[in-house]
Every structure is written in C-alpha cells, then in structure tokens.
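Numbering of residues begins at 1 and proceeds along the displayed sequence. Every number for a ligand or one of its atoms is a count from 1 in the order of the listing.
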Amino acid sequence: MMEYSEFSSSILSELPKEGHITCTSPSNIALVKYWGKRPVQLPENASISFTLESCKTTTRLTYKKKEDTKNDFDFELFFEGKPKPEFKPKILAFFERIEEYLPFLKQYTFTIETSNTFPHSSGIASSASGMSALAYCLMLLEKEINPTITDSQLLKKASFLARLGSGSACRSIEGPITVWGEHNDILGSNDSFAVKFPYTVHPNFEAYQDTILLIDKGEKQVSSTVGHDLMHGHPFAAKRFEQASRNISTLKDTISSGDLDTFIEIVESEALTLHAMMMTSMPYFILMKPNTLSVIQKIWEYRKQTGSKVCFTLDAGANVHVLYPNSEKEQVLDFITKELVAYCQNGQYICDKIGFGAKIV
Ligand code: DP6
C-alpha cells in the first residue's frame with residue numbers, strides 16, 4: 001500500500017536473539033467521539049481525546065528468536081499472571097494486520113504478559129490501553145532492530161499500529177490531548193494515526209480531572225465493533241459526521257482560549273449524541289442505565305447551584321466520566337463522594353486526570 005510506505009520496516013542489524021521490553025500505556029477519553037468507521041479501521045470523522053494517567057495497561061513483551069522459522073505467529077498470552085487463551089484470537093488478528101509493517105514478527109516466539117490498573121470487569125475499555133501498550137512494545141523492539149528510527153517516527157508508527165488493533169487506541173500513545181482523523185483545522189491530522197494537539201493548551205486544562213463513576217460493571221450487550229457497524233446506513237450518519245467535524249473546530253478554539261462554558265456544551269452534547277446514535281440504530285440499543293441519567297441530572301443541578309465548571313462525558317457504556325478543572329478538585333470530589341457515589345455499583349469510582357501517554361518501564 002503506497003500511502004503507508006513510510007511505515008514499512010527495514011532490518012538494519014542482526015535480529016536480537018532474545019530479550020524483554022516492558023511499557024505502560026493509558027486509556028483515553030474522547031471529547032469528540034469516534035463512532036463509525038470504514039475498512040481498515042479508518043474513522044468516518046475526526047475525534048479528539050484527553051489521554052488518561054492512572055487507568056493504564058502494563059505489558060511485558062518477552063521475545064526469543066526461533067531456531068527454524070515456521071510460517072506462523074507464535075505467542076503466549078498472560079493476563080494478570082494467568083494464561084488467557086480467550087484473548088488470543090484478537091491478538092492473532094492484530095498480528096496478521098500489522099505483519100506487513102513489522103516483517104520480523106514470525107521470526108520470534110513472544111510471551112505477552114499484561115495487566116491493568118483498573119478492574120477488568122469495570123466497563124472501562126481495556127482495548128485502548130491494551131492495544132497501545134502492545135503496539136508501543138513492538139515499536140521498541142523494532143527500534144532495537146533498526147536503531148535509525150527517530151523518536152517521532154517511533155511514536156507515529158506506534159499510533160498507526162495501535163489503530164489497526166483498536167481505533168481509539170491510536171489516541172493513547174501520546175498526551176495530554178490527541179486528535180485522530182483528517183480535519184482541515186488541525187495541522188497534520190490524518191486518518192491513519194493520531195497526532196498530539198498541535199496548538200496552545202490553555203492552563204485551565206492543566207491536570208484536568210476525570211473521575212470515572214462505575215455505574216454498571218456488567219458485560220456490554222453490544223460491542224463497539226457492532227455499534228460502529230450500525231453507522232453504515234444509519235439515517236443520521238451523514239449529519240452526525242458533519243456535526244463532529246464542526247465540534248472539533250469549536251473545541252480547538254476552546255482548548256486554546258480556555259472557555260470552559262463552550263467546552264462543557266460541546267463535550268456533553270457529544271456524549272449524548274453518541275448514545276442517541278445507538279438509540280436510533282437498527283437494531284437500536286441503550287447502554288445507559290437509570291443511574292447514568294440520575295448522575296447527569298445531579299451534575300446539572302450542582303452546576304446550576306454553584307456555577308462549577310464540572311461536566312460529564314460517556315463512552316460506549318453506562319459509566320460516567322466526570323470532568324472538571326484541577327482548581328475545583330476539592331469541591332467537586334466532595335460533591336462526588338456525597339452525592340454521586342451512591343449511584344455507583346458497590347460505591348466504586350476511579351480518580352484519574354489528563355496524562356502523557358505510553359512510557360518505557
Ligand atoms: C465510544 O476504538 O473501541 O469509545 O475501533 O472497533 O476497536 P474499534 O472501536 P473502539 O471505539 C471507541 C468508541 C468510543 C468513542 C471514542 O473513543 O472515540
């Protein structure tokens with residue numbers, strides 16, 4: 001594929017015989033949502049997200065060069081210390097997709113050991129942190145094979161590879177704010193990998209807080225993959241993609257100006273629009289729970305009473321991400337523990353904030 005030639009791989013040194021690499025990569029929360037894609041994992045509209053700090057995956061990649069190269073991928077997978085055969089098909093599909101960009105993959109036997117800082121059944125998507133962590137480890141291995149790769153090439157290609165694992169994962173390699181998908185107002189933005197928000201970020205967004213309320217930890221009835229698919233032939237799809245594009249333009253200005261009222265308006269509208277798309281798909285579905293709506297009402301009341309700049313967003317599930325400036329940290333946390341935790345399953349919530357992407361351990 002011509003357009004991706006910059007991501008082809010050259011082997012400059014002898015392949016290292018064995019070793020291991022450990023890295024962490026965080027989850028991210030979209031402000032303008034990615035919902036709708038075309039093959040292969042290319043977004044129908046640009047999206048923008050806050051990279052998170054605490055919700056992350058740690059992945060240790062152990063590699064051993066095979067004596068005789070059989071034409072097969074060879075890997076073992078451990079999740080939180082235990083073998084996880086049920087995760088293997090997803091990783092195999094990922095390896096098949098990225099092999100043309102990492103031609104050394106079949107030369108190795110890999111052991112992939114991974115764990116998350118957040119509970120597995122929390123409804124927090126582990127695909128963004130998991131796929132970005134694995135992609136980043138693989139790029140660190142490629143750098144051992146080809147030391148001429150620069151840091152910026154490494155980040156770009158890690159995002160490109162992560163995207164092929166899970167779309168939103170490409171936004172987790174860097175932080176604090178990233179954009180994925182071609183957009184005329186965002187310099188360098190494109191569909192094949194995410195870029196760091198290339199404009200000034202107003203100090204209002206420094207250490208921006210995200211408290212994740214775990215409303216319902218059950219398995220989702222409808223996966224994101226199925227949800228994305230339902231945007232094909234969706235009656236509102238074209239309008240939705242135009243709206244997302246306008247919201248990126250507005251949010252770009254807002255992030256630089258620090259105008260939190262406009263920020264709130266766009267972010268909450270995006271969250272509700274995402275769920276409106278689900279409710280108007282055929283078949284239609286609802287991922288919010290009664291407690292999701294109760295929390296939203298409470299946030300609106302609190303904002304009205306206090307003038308706080310707290311707001312909410314949702315991902316493809318019932319959990320609520322409560323977003324607020326660091327300057328309001330104490331008051332809003334107090335409000336959350338007094339008024340919102342009652343709506344969380346087993347009173348569980350996670351305090352997170354804006355973060356800086358994948359790291360070597
Ligand atoms: C609602 O990235 O999980 O969180 O590309 O099929 O792996 P795949 O989907 P995924 O979709 C994320 C959807 C979302 C919005 C977002 O993160 O932008």
Side-chain angles (χ1 to χ4, degrees), residues 25-52 55 57 87 89-91 93-94 97-98 116 118 122-135 159-173 175 177-181 183 189 191-194 197 210 212 219-232 234 237 240-241 243-245 247-248 251 266-279 281 285-288 292 312-321 323 352:
S25 190
S27 187
N28 68 75
I29 182 67
L31 306 170
V32 172
K33 309 292 181 182
Y34 149 58
W35 198 244
K37 63 175 170 182
R38 55 200 156 75
V40 175
Q41 211 97 287
L42 296 165
E44 293 285 10
N45 62 263
S47 56
I48 183 165
S49 53
F50 283 161
T51 302
L52 296 181
C55 288
T57 298
F87 288 0
K90 205 166 176 193
I91 303 295
F94 178 54
R97 242 184 218 180
I98 63 175
N116 296 335
F118 47 91
S122 61
I124 295 180
S126 56
S127 66
S129 55
M131 284 297 178
S132 56
L134 182 54
S159 174
F160 172 85
L161 297 175
R163 181 202 106 230
L164 291 168
S166 175
S168 57
C170 74
R171 297 188 313 238
S172 280
I173 298 290
I177 302 176
T178 60
V179 178
W180 170 40
H183 193 288
S189 62
D191 288 349
S192 57
F193 55 88
F197 182 72
D210 179 5
I212 309 163
E219 275 291 304
K220 269 187 266 179
Q221 314 98 303
V222 183
S223 71
S224 288
T225 309
V226 171
H228 284 291
D229 249 2
L230 292 173
M231 289 304 280
H232 295 291
H234 190 293
R240 158 60 195 155
F241 302 143
Q243 176 205 40
S245 178
N247 283 345
I248 292 269
L251 212 53
I266 300 291
V267 167
E268 293 191 343
S269 164
E270 275 289 322
L272 295 178
T273 301
L274 169 68
H275 286 257
M277 289 301 113
M278 300 172 187
M279 289 191 253
S281 306
F285 59 105
I286 302 180
L287 296 182
M288 290 186 288
T292 310
F312 72 86
T313 188
L314 307 167
D315 56 17
N319 296 336
V320 182
H321 288 248
L323 301 176
D352 209 337

Undergrad: Kindly say whether Ser245 contributes a backbone atom to a donor-acceptor pair with the side chain of His183 at under 3.5 angstrom?
TA: yes

Undergrad: Who pairs with Tyr34 by ring-ring contact (aromatic ring centres under 6.0 Å, His included), at least two apart in sequence or on another chain?
TA: Trp180, His228

Undergrad: side-chain contact (heavy atoms from CB on, under 4.5 Å), that's the test. Do Ser49 and Thr178 meet it? Break it down for me.
TA: CA-CA 6 Å; Ser49 53; Thr178 60; 3.5 Å; yes

Undergrad: Near ligand 1, which residues have a heavy atom under 4.0 Å away from one of its atoms?
TA: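 Within 4.0 Å of ligand 1, protein side: Ala30, Lys33, Tyr34, Trp35, Lys37, Gln41, Ser127, Ser166, Gly167, Ser168, Arg171, Ser224, Thr225, His228, Leu274, Ala316.
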
Undergrad: Using 0.5 Å steps for rounding, measure from the CG atom of Leu272 to the CG atom of Leu314.
TA: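 Between Leu272 CG and Leu314 CG, I get 6.5 Å after rounding to 0.5 Å.
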
Undergrad: For Leu274 and Glu270, run side-chain contact (heavy atoms from CB on, under 4.5 Å): C-alpha distance rounded to whole Å, both residues' side-chain angles, the deciding distance at 0.1 Å, then the answer.
TA: CA-CA 6 Å; Leu274 169 68; Glu270 275 289 322; over 6 Å; no

Undergrad: Can you tell me how far NZ of Lys90 sits from OG of Ser166, rounded to the nearest 0.5 angstrom?
TA: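 The OG atom of Ser166 sits 5.5 Å away from the NZ atom of Lys90.
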
